[in-house]
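Below: one structure, written as structure tokens.
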Amino acid sequence: MKTKAAVVYEAGKPIEIEELELDGPQQGEVLIRYTHAGLCHSDVHIAHGDLEARLPMVLGHEGAGIIEDVGPGVTRVKPGDHVVCSFIPNCGVCRWCATGQQAICDMGATILEGYLPGERFPFTGPKGQYGAMCMLGTFSQYSTIHQNSVVKVDDDLPLDKAVLVGCGVPTGWGSAVNAAKVEPGDTVIVAGVGGIGINAVQGARYAGAKNLIAVDPLANKREKAMELGATHAVATAAEAGDLARAMTNGNGADKTIVTAGIVTEEIVTGAFENTGKGGTVVLTGLNKLSTTNVTLPGSILTLFKKTVKGSLFGDCNPTVDIPKILGLYQSGDLKLDEIITRTYTLDQVNEGYDDLLNGKNVRGVLVHEH
């Protein structure tokens with residue numbers, strides 16, 4: 001079949017809309033009709049070359065839709081099921097899945113290559129074989145993906161909101177709840193309030209943070225953070241550190257979560273300095289894979305017993321946590337509608353990313369037309 005998709009051919013060039021051929025599902029695979037896709041910063045990292053991926057690639061790794069067809073051996077879903085996609089697949093049997101760490105499932109090793117198991121490329125077009133970002137390619141009307149990448153959700157959930165729980169929401173929420181382990185009474189700093197950071201704010205609030213300081217240079221992001229649970233919102237890390245120390249008898253933050261779009265050495269150092277004795281710094285945002293952006297005084301790390309850790313997907317287990325987080329949305333404990341700034345069509349994908357990079361959006365959502 002044919003499908004319209006947003007493709008990156010060359011790093012640094014605009015995303016192009018292309019009609020591609022799509023092969024149907026084989027063993028363990030499903031055909032999905034995407035209804036919505038989230039515009040997440042990680043796609044920009046591919047388009048700009050910050051993350052080196054195999055090109056050409058169909059972008060999009062935050063997606064929701066309806067299963068149209070299934071291949072042999074598929075047990076997780078059936079045609080007609082509403083699903084949210086998980087940007088890291090989960091096989092259920094590797095060492096990591098088996099120990100409750102689906103976020104680092106071994107199947108995730110090839111998400112920047114973009115092929116399905118067996119080096120299979122369902123997308124083909126003028127430039128040969130096209131990868132799909134995170135084995136999903138949610139900026140396509142249709143895609144053939146592995147059943148390990150989908151999680152069935154309630155039919156009555158609005159997919160235009162549920163789509164965010166494929167990447168941004170659990171990544172931010174889990175960075176606070178799972179990775180930082182925010183506890184009641186904690187003083188918490190969230191550095192960077194985009195699609196990830198706003199959910200770190202929501203997670204930290206729900207987990208019981210007493211003082212919750214959001215840091216972002218943009219006033220619209222600070223306002224949104226205050227609306228969704230921050231107790232304070234400031235423009236700089238220095239202000240956040242001063243606030244945290246003033247609230248804690250000089251100690252500083254118990255937990256600092258770094259969710260900036262591009263994480264620089266300056267940001268990491270600031271987060272480390274703002275975090276007090278026995279505190280934890282969680283690094284969730286990215287930079288180029290080759291960039292060394294963590295250079296810290298090891299003796300202070302030791303003497304103050306600080307922890308610096310990385311977190312992928314908010315340390316979530318998608319098969320459990322995607323339905324759980326959606327349940328919190330249904331009960332009103334987690335806001336999704338309020339973090340969607342604007343919707344776009346597939347043809348407006350470049351405009352959507354310009355808005356993201358210019359700081360206009362907390363989260364943009366792409367609505368597929370069929």
Side-chain angles (χ1 to χ4, degrees), residues 170-219 221-287 293-312 314-315 362:
T171 298
W173 176 273
S175 292
V177 175
N178 299 330
K181 292 186 164 54
V182 172
E183 295 179 343
D186 275 354
T187 294
V188 178
I189 296 173
V190 175
V193 184
I196 308 278
I198 193 63
N199 294 298
V201 168
Q202 293 205 74
R205 172 193 57 78
Y206 190 76
K210 178 184 175 216
N211 306 308
L212 179 45
I213 307 163
V215 186
D216 202 285
L218 299 174
K221 303 288 186 75
R222 297 197 297 273
E223 285 167 22
K224 185 57 72 171
M226 292 295 290
E227 181 189 326
L228 294 183
T231 57
H232 302 76
V234 295
T236 66
E239 292 173 88
D242 289 343
L243 259 178
R245 284 183 286 273
M247 294 163 170
T248 56
N249 199 27
N251 184 54
D254 298 299
K255 316 284 162 62
T256 300
I257 303 157
V258 180
T259 47
I262 299 281
V263 176
T264 61
E265 183 178 338
E266 181 187 13
I267 290 171
V268 176
T269 301
F272 183 80
E273 290 172 349
N274 288 344
T275 306
K277 284 200 292 189
T280 299
V281 179
V282 175
L283 301 180
T284 299
L286 295 170
N287 201 316
N293 54 356
V294 182
T295 308
L296 300 170
S299 295
I300 301 293
L301 183 75
T302 299
L303 294 170
F304 281 50
K305 205 169 153 309
K306 298 189 191 187
T307 300
V308 179
K309 66 193 293 192
S311 177
L312 181 64
D315 294 13
V362 175

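None of the values given here were measured: they were computed from a predicted structure. For this chain, numbers begin at 1 and follow the sequence in order.
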Might you point out which heavy atoms bring [X] and [Y] nearest each other, and give the distance in Å?
X: Val177; Y: Ala207; value: CG2-CB, 4.5 Å
X: Ala176; Y: Ala204; value: CB-N, 3.6 Å
X: Val215; Y: Ala240; value: CG2-CB, 3.5 Å
X: Ala214; Y: Val193; value: CB-CG2, 3.9 Å

Under 3.5 Å, which donor-acceptor pairs do the side chains of residues 263-272 form with other protein atoms, sequence neighbours left out?
residue: Thr264; atom: OG1; partner: Ile267; partner atom: N; Å: 3.2
residue: Thr269; atom: OG1; partner: Glu265; partner atom: O; Å: 2.9

Item to check | Counterpart residues, side-chain contact (heavy atoms from CB on, under 4.5 Å), relative to Leu228 (two or more places apart) | outcome: Ile198, Gln202, Lys224, Lys335, Glu338, Ile339
[X] [atom1] to [Y] [atom2] distance, which is reported to the nearest 0.5 Å:
X: Thr171; Y: Asp315; atom1: OG1; atom2: CG; value: 10.0 Å
X: Asn251; Y: Phe304; atom1: CG; atom2: CZ; value: 8.5 Å
X: Lys181; Y: Asn178; atom1: NZ; atom2: CG; value: 7.0 Å
X: Asn199; Y: Ile257; atom1: CG; atom2: CD1; value: 11.5 Å
X: Ile189; Y: Asn274; atom1: CD1; atom2: CG; value: 4.5 Å
X: Ile196; Y: Thr259; atom1: CD1; atom2: OG1; value: 7.5 Å

Item to check | Sub-4.5 Å side-chain heavy-atom contact between Val188 and Asp254 | outcome: no
Checklist entry - Do Ile213 and Val234 come within less than 4.5 Å of each other through their side chains, counting heavy atoms only? => result yes
Next on the checklist: Does His232 form a side chain to side chain contact (heavy atoms under 4.5 Å, CB included) with Met247? I'd like the steps, not just the answer.
Outcome noted: CA-CA 12 Å; His232 302 76; Met247 294 163 170; 2.9 Å; yes
Checklist entry - Can Val362 and Lys221 be said to form a side chain to side chain contact (heavy atoms under 4.5 Å, CB included), step by step? => result CA-CA 7 Å; Val362 175; Lys221 303 288 186 75; 4.1 Å; yes
Next on the checklist: Among Val282, Thr284, Val281, exactly one meets side chain to side chain contact (heavy atoms under 4.5 Å, CB included) together with Val258. Which residue is that?
Outcome noted: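 When Val282, Thr284, Val281 are each tested with Val258, the side chain to side chain contact (heavy atoms under 4.5 Å, CB included) holds only for Val281.
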Item to check | Steps toward side chain to side chain contact (heavy atoms under 4.5 Å, CB included) verdict (Leu283, Val294) | outcome: CA-CA 10 Å; Leu283 301 180; Val294 182; 3.8 Å; yes
Checklist entry - Thr275 and Thr280: side chain to side chain contact (heavy atoms under 4.5 Å, CB included), yes or no, with the steps? => result CA-CA 7 Å; Thr275 306; Thr280 299; 5.8 Å; no
Checklist entry - So Arg222 and Asp216, salt bridge (charged side-chain N to carboxylate O under 4.0 Å, His left out) or not? Walk me through it. => result CA-CA 6 Å; Arg222 297 197 297 273; Asp216 202 285; 5.9 Å; no
Checklist entry - Any chance NZ of Lys277 has more than 12 other-residue heavy atoms, nucleotides or ligands included, within less than 6.0 Å? => result no
